[in-house]
Amino acid sequence: MGNQVEKLTHLNYKEVPTADPTGMDRDEGPRIGVSYIFSNDDDELEQQQDSVHDLGGEHPALQPYDPQLHEVECSVYYRDECIYQKSFSEEDTLPEEGDEGGGGHLSTYTPENLLNRCKPGDLVEFVCQAQYPHWVVYVGDFQVVHLHRLEVVNSFLTDASQGRRGRIANQLYRYKPLSPAVVVRNALEQVGCKDRDLSWRNSECFAAWCRYGKREFKIGGELRIGKQPYRLQIRLGDKRSHTLEFQSLEDLIMEKRRNDQIGRAAVIQELSSHLQAAEEEEEEEEDHHHPGAQPAVE
């Protein structure tokens with residue numbers, strides 16, 4: 001089956017005008033953005049899940065986690081340019097420094113092991129089954145800066161992990177990174193920012209903005225009119241994929257994170273059901289426009 005393209009429309013938005021957020025890519029003209037407030041904001045859900053562990057629930061580190069089993073392989077395109085890719089195929093990925101073979105950058109490690117690998121300016125993605133990934137910026141001295149419970153905070157990496165395994169996520173986005181010193185400065189300057197003063201929807205958008213400085217990661221950073229230039233290509237199998245289209249990177253990241261939270265099996269089941277229904281509808285339309293021959297009467 002070939003790739004399927006679907007224009008994803010969110011019906012539960014409240015649309016409010018916002019000021020044009022200032023990004024660091026000043027070579028482009030100003031773009032007036034629109035902020036979309038989701039009823040299922042993933043930072044709110046992350047807070048609810050965290051409270052379970054705070055109350056003595058099962059610790060995520062105790063749950064077996066296999067990235068290739070639970071995570072969704074996908075690529076993100078802006079027009080024809082690939083700007084993000086998560087793939088376990090050796091053909092699609094470059095080996096991480098110190099690792100042999102492709103896909104090494106998707107290996108996960110304990111928080112203690114990560115401390116031996118991180119350098120200031122690195123992005124770290126903590127992952128766990130049935131939870132949204134949590135992104136942080138490593139700033140040195142065993143500390144990270146991250147968006148947590150609607151506030152940018154400075155924490156020890158081991159505390160921010162909450163027992164989850166993690167990976168250095170520098171290779172997922174394909175934008176040109178800022179220098180490590182600028183990444184660290186971007187993160188530290190935002191410590192204490194919270195609630196309505198925040199310019200990022202979730203921890204991933206904040207961490208990526210710190211490293212790449214692109215306004216597309218900010219709330220309302222792009223104009224949502226006209227064509228949908230972003231595509232999220234979800235890999236369903238060796239030769240099958242499904243593509244969703246978005247008007248902004250912010251909206252695409254929200255959907256990508258939802259897929260990470262529900263897991264690979266649920267995403268494949270969800271899309272397979274959708275594709276099957278679409279195929280049946282197309283077949284019914286073809287039968288309606290091209291009815292079969294009537295049986296001959298003897």
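- No side-chain donor-acceptor contact under 3.5 Å links Gln171 and Tyr84.
- If you check the side chains of Ser241 and Arg235, you find no donor sitting under 3.5 Å from an acceptor.
- One side chain, Arg164 or Gln131, offers a donor N or O that lies under 3.5 Å from an acceptor on the other.
- Applying the ring pair (Phe, Tyr, Trp, His ring centres under 6.0 Å) rule to Phe206 yields the partners Trp200; only residues at least two apart in sequence or on another chain are considered.
- Seen from the ring of Tyr175, Lys214 counts as a face-on cation partner, given the 6.0 Å and 45° thresholds.
- Nearest heavy-atom pair across Thr158 and Leu115 is CG2-CD1, 4.0 Å.
- Here Tyr77 pairs with nothing under the ring pair (Phe, Tyr, Trp, His ring centres under 6.0 Å) rule; sequence neighbours left out.
- In this structure Asp159 satisfies the side-chain hydrogen bond (donor to acceptor under 3.5 Å, both in side chains) test with no other residue, sequence neighbours excluded.
- Between Arg215 and Glu250 there is no salt bridge, since none of the side-chain N atoms of the basic residue sits less than 4.0 Å from a carboxylate O of the acidic one.
- Test Arg201, Glu222, Arg224 against Asp251 for side chain to side chain contact (heavy atoms under 4.5 Å, CB included) and you get one pass: Arg224.
- Note: His146 and His134 have perpendicular aromatic rings, judged against thresholds of 30 and 60 degrees for the angle between ring planes.
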side-chain contact (heavy atoms from CB on, under 4.5 Å) assessment of His148 paired with Gln162:
CA-CA 12 Å; His148 178 59; Gln162 296 190 337; 4.1 Å; yes
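- Annotation for Glu189: atom CD counts as buried by contact number, over 12 foreign heavy atoms lying within 6.0 Å.
- Considering only residues two or more places apart in sequence or on other chains, Arg165 meets the side-chain hydrogen bond (donor to acceptor under 3.5 Å, both in side chains) condition with Thr108.
- Judged as a side-chain hydrogen bond (donor to acceptor under 3.5 Å, both in side chains), and not counting sequence neighbours, the contacts of Asp122 are Asn170.
- A search for side-chain hydrogen bond (donor to acceptor under 3.5 Å, both in side chains) contacts involving Ser75 returns Gln85, not counting sequence neighbours.
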